[in-house]
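Notes follow once the structure below has been shown.
The first residue in the sequence is number 1, and the count goes up from there. Remember, it's 1-based here, ligands and their atoms both numbered in the order they're listed.
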Amino acid sequence: MQGAQYVADRPKDLRRARPWHRHRHHIQTLPARLEVLSRDLAVPPGGRVLDYGCADVPYRGFFGPDAEFVAADLPGNPHATLTLNADATVPVPDASFDAVMSTQVLEHVADPAAYLRECFRVLRPGGRLLLSTHGIFIYHPDPIDWWRWTCAGLHHVVEEPGFEVVRFEGIIGLLATGIQLVQDAVYWHLPRPVRPVLALCLQTLAALADRIEGERSRTMNAQVYGLVAAKPGP
Ligand SMILES: C[S@@+](CC[C@H](N)C(=O)[O-])C[C@H]1O[C@@H](n2cnc3c(N)ncnc32)[C@H](O)[C@@H]1O
């Protein structure tokens, strides 16, 4: 098995990865940080949210039942409530949404600049984008894994269509990421019974490492970057 495939085998309840799951620290940390960031979207009561590249729609629960949540994906995803056009643009008029969620999608998009222009187009003035994508992470095609970002590169590509970044954070620091990469490099080469033992040890270590690593260092080098960006307007 190549790559992380973490969407395919992550547990339904994202906070409950088994302690020996090979991406336990990632699975436990990422949704919790995204939930915190999602509060900065400031979706008004009855607001419209687009999940642009939704897969199995893991974050619907961040928004109240009154929010109109549109889960969009490429053709063939049974969880999607809206199928994207053949060029992956969204079949809606300009300024249709109060917020866009884009979680672990940008690295899978062949033309990130075009995707971000589309995020900008579908947001109303003053609307906000929550975007997370990988800094340093194993190759994981879904359907293709194209890109990795640095903190500066991600700022640049998000600001290009006109967004203002209002919050930016590193999720999982360099130390924990290094431990994860060591585990990823050896995991599939080990005898099957040894794999969960290795994962249990290294995932525990990664969680400890992340507790001691400072926030400033994480903002520069991280496994995942999360940001909230605003479309200028009222
Ligand atoms: C790794 S999954 C992430 C899914 C989900 N957002 C999450 O956080 O778990 C990547 C998703 O991006 C979608 N995707 C790939 N290319 C895309 C594109 N050009 N535009 C929109 N979505 C795309 C895939 O179909 C898939 O659902």
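- Sorted by first then second residue, the salt bridge (Lys or Arg N to Asp or Glu O under 4.0 Å) pairs that include residues 164-189, not counting sequence neighbours, are Arg33-Glu169, Asp40-Arg167, Arg167-Glu169.
- Within the 4.0 Å heavy-atom criterion, the part of Pro58 lying near ligand 1 is the side chain and not the backbone.
- Applying the 4.0 Å criterion to heavy atoms of Tyr59 picks out, from ligand 1, the atoms 8 (O).
- Ligand-side atoms of ligand 1 in range of Gln104: 1 (C), 2 (S), 3 (C), 10 (C), range being under 4.0 angstrom from any heavy atom.
- For Cys54, every heavy-atom contact with ligand 1 shorter than 4.0 Å involves the backbone, none the side chain.
- The proximity of Asp73 to ligand 1, defined as any non-hydrogen pair under 4.0 Å, is limited to the side chain.
- Of the options Asp145, Leu30, Leu84, Val109, the smallest heavy-atom separation from atom 18 (C) of ligand 1 is shown by Val109.
- Of the candidates Leu154, Val224, Val157, Thr133 forms a side-chain contact (heavy atoms from CB on, under 4.5 Å) with just one, namely Leu154.
- You'll find the side chain of Val165 reaches within 4.5 Å of the side chain of Val158, heavy atoms only.
- Proximity of Leu190 to Val197: side-chain heavy atoms (C-beta onward) are nowhere separated by under 4.5 Å.
- His26 has its ring centre less than 6.0 Å from the ring centre of Phe137.
- Proximity to Ala55 (heavy-atom distance under 4.0 Å) selects the following atoms of ligand 1: 4 (C), 5 (C), 27 (O).
- The aromatic rings of Phe69 and Phe63 are tilted relative to each other, their planes meeting at an angle between 30° and 60°.
- Listed by chain and residue number, Asp94, Glu118 satisfy the side chain to side chain donor-acceptor pair (under 3.5 Å) test with Arg121 (two or more places apart in sequence, or in another chain).
- Polar contact check, Tyr52 against ligand 1: no nitrogen or oxygen pair lies under 3.5 Å apart.
- The contact set between ligand 1 and Ala88, taken as ligand atoms under 4.0 Å from a residue heavy atom, comprises 18 (C), 19 (N), 20 (N).
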* Test Asp145 against His140 for side-chain hydrogen bond (donor to acceptor under 3.5 Å, both in side chains), laying out the working first. => CA-CA 6 Å; Asp145 188 8; His140 62 294; 3.1 Å; yes

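- Checking only distances, Gly53 does come within under 3.5 Å of ligand 1, N or O to N or O.
- Comparing Asp111, Val90, Thr103 against atom 7 (C) of ligand 1, the shortest heavy-atom distance belongs to Thr103.
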